[in-house]
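Here is the naming used below: chain letters follow the sequence lines, and residue numbers restart at 1 for every chain.
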Amino acid sequence: MTAAPPVTKAPVIKARGVGRVLPGPVPVTLLDGIDLSIGEGEFVAITGPSGSGKSSLLYLLGLLDRPTSGSILLDGRDTARADAAELAGLRLVKLGFVFQFHFLLPEFTVLGNVMIPMRKLGGGSDAELRRRAEGLLEDLGLGDQMTKLPTQLSGGQRQRVAIARALANRPRVILADEPTGNLDTKSAQTVFDIFARLARETGTTVITVTHDEGLAAQTNRRVQLVDGRLVTHKS
Amino acid sequence: MARPLLLDLALTHILGRKRQTIVSVLGVALGVGFFIAMAALMQGFQGYFIETVINASPHITVRDQFREPAVQPVAMAFEGGAVLLHGLKPREEVRGIRKAGTMVSDLSDWPGLSVAPSLDGPVILRYGSTDRSVVAIGIDPEREVHVTQLEDDMIQGSLTDLSSTATGIVMGLGLANKLGAKLGDSLNAISPAGVILRVKIVGLFRTGVSSLDEGQAYILLKKAQILQSRANVINQLRIRLTEVDAAREVAARIEALYGYRSESWQEANEGVFGVFKIQNSIMYSTVGAIMVVAAFGIYNIISTVVYEKSRDIAILKSIGLTERDIRRTFLMQGLMIGMIGAVLGWMIGLGLTALLSTIRFDVGNAVRNDRFFLAWSLTHYWIGALFSLSASVVAAWIPARRAAGANPVDIIRGAA
């Protein structure tokens, strides 16, 4: 990773009056009137009690789901009218996901998993992509695990592979949904250290959902949700 | 790793379920293989039959008949008017082709065409106490050898022996057997005109078409005219073409020119070709049924993979693979099964056909055909492949669409 660029606060992701209602005989409001602006290189924790809509907000910000009202702006572009294929393209180029469960493809090696997003995007020969993936894995301390299958790794290692995969196409934003939920304290700390370093050194925006107060305290901004509404918005 | 990503994913999926994949592939392969063997068998038989018909009988037969009834003078007088005639008694005309001699010499000048005049009529052949009613065809042996390949079907004697033995008769082996007569025997021919002629068997033939072998006999044209009391009459022109498939057009041209009913071999055997069509559609529906079963196998394996791999699908979509990518991944799996199945099916088909070709029937020496007639045609192989590929794509399409439409958020929430 290169030297630290100055942390600018140009908004990368912006939510404008975002609401999400689950349709049905009795509609359920997951989120209501969310206004949120997150800048480049910010490390943000979304916290709140379970059922408060943390993950829902993350999926909306990550363009995996569509809001029923309001809109999400990514790098200043309104995504409300983008079709499914365009959203997939934006996810591929600008976003990277880490979930509570690692979701690595069990038949692919560690290296193979990290290369999947690269191969989809292209932009380099196979050897170049492989070198980049190897670089990422080495950077995350997995240099000696590259040819192993995910089942041969520990939980913490798997989650680091998942992070490497999320970083594969040098995204603007990493979105993490309870990334430490299945990890022991030490591994959880490692994951958060990686996130902090990413935000600081590469200007990647990191948005993570967590209910671990100790970890949330290590971020530089906390967004708290209660019953689908934003409570505090302190920097 | 140089494989495209989607192909890589598709391969991973079907290799992960080897046993099911093999069963699906075998289902397709058996369908394709059976189709190829059946098609070879059926087309071989049909081809053999057509060839037999073409060789044994003339390509075009011109008869002393008209397709339309004669136009009455009153209808000519009031052309286009509504004419109703009661109690009409058509004029009795001398039957036979008029100016047949000129027609024969005219037609002989047409390129690629041989023509032979003949007079056929019913006679009863009596040998001892056995009677057989047959069609006696009076021919000109020198011309006749050019219009049918009867000469090739002779097993005893020759058509030209008719010329040297004035009262000779050539008949099918089947007929001779029914009469209990053999080469050299003399028998009586009795015509409806009441003429009785003593004839001697100078030749026996076997065409393989039983209506010919048991119902026809050849005598000299002159003798036939005497037997039928129709001096100088010719009621049939038998024509052979070098271009067999042109028979329909040539027949139409002759009919337009001379007015007499000209029947091509295709028209004469239309009933049989209808049966062939039914045979072929039975074959195609049988193969279709096998393919439907095979398609269910493919549907089953791909549905299972879609269900099992729903998490992978969700993560791939979150990474940025489009719905189209996901759909393609699963369609490719169907296609792979279809393609491998088709190639394997080709081999099964080839093997089955080879096996069929070695089978010999022990039918005694009365019949020449002791084996299957098999047609080797590349078309069958392509049709088989087309069958299997379309079945597999259709079968894969439904689960592939379901996978593509899956909502990653639901799956990720469910898995967490």
Under 4.5 Å to a heavy atom of chain A? For Leu316(B) that would be side chain
Under a 4.5 Å cutoff for heavy-atom pairs, which residue among Gly62(A), Ser56(A), Gly89(A), Ala166(A) has the most contacts with chain B?
Ser56(A)
Does atom CD of Glu249(B) have more than 12 heavy-atom neighbours from other groups under 6.0 Å away?
yes
Closer than 3.5 angstrom, by distance alone: can the side chain of Arg311(B) be matched with the main-chain N or O of Phe103(A) as a donor-acceptor pair?
no
Using non-hydrogen atoms and a 4.5 Å limit, figure out which bit of Ile315(B) sits close to chain A: side chain, backbone, both or neither.
side chain
Considering only heavy atoms, which portion of Ser125(A) lies under 4.5 Å from any heavy atom of chain B: side chain, backbone, both, or neither?
neither
Partner set under salt bridge (charged side-chain N to carboxylate O under 4.0 Å, His left out) for Glu128(A), not counting sequence neighbours
none
If I take atom CG from residue Leu9(B) and atom CD from residue Glu107(A), how far apart are they, to the nearest 0.5 angstrom?
9.0 Å
State whether the number of non-hydrogen atoms from other residues, nucleotides or ligands found under 6.0 Å of Trp382(B) atom CH2 is greater than 12.
no
Do other residues, nucleotides or ligands put more than 12 heavy atoms under 6.0 Å from Tyr307(B) OH?
no
Within this structure, what is the CG-CG distance for the pair Leu321(B) and Leu92(A), rounded to the nearest 0.5 Å?
7.5 Å
Interatomic spacing from NZ in Lys317(B) to CG in Leu87(A) - rounded to 0.5 Å
11.0 Å
For Asp184(A), does the CG atom have more than 12 heavy-atom neighbours from other residues, nucleotides or ligands under 6.0 Å away?
yes
Atom pair CG/CG of Leu121(A) and Leu5(B) - distance to nearest 0.5 Å
11.5 Å
At what distance, to the nearest 0.5 angstrom, does CD of Glu323(B) lie from CG of Asp83(A)?
9.5 Å
With a sphere of 6.0 Å drawn around CZ of Arg229(A), does it hold more than 12 non-hydrogen atoms of other residues, nucleotides or ligands?
no
Contact check, side chains of Phe97(A) and Ile412(B), non-hydrogen atoms, under 4.5 Å:
no
Do you know which two heavy atoms are closest between Pro106(A) and Asp312(B), and how far apart they sit?
CD-OD2, 3.8 Å
Would you say Tyr381(B) has more than 12 foreign heavy atoms packed within less than 6.0 Å of its OH?
yes
Using a distance-only test with no angle check, is there a side-chain donor-acceptor pair under 3.5 angstrom linking Thr322(B) and Arg91(A)?
no
Please flag which part of Ala84(A) lies under 4.5 Å from any non-hydrogen atom of chain B: side chain, backbone, both or neither.
side chain
Can you confirm whether Arg360(B) is buried at CZ, in the sense that more than 12 heavy atoms of other residues, nucleotides or ligands lie under 6.0 Å from that atom?
yes
I'd like to know whether CZ of Arg66(A) has more than 12 heavy-atom contacts from other residues, nucleotides or ligands below 6.0 angstrom.
yes
Decide side chain to side chain contact (heavy atoms under 4.5 Å, CB included) for Lys120(A) and Ile319(B); before the verdict, give the C-alpha distance in whole Å, the side-chain angles of both, and the deciding distance to 0.1 Å.
CA-CA 9 Å; Lys120(A) 170 59 189 162; Ile319(B) 283 173; 5.6 Å; no
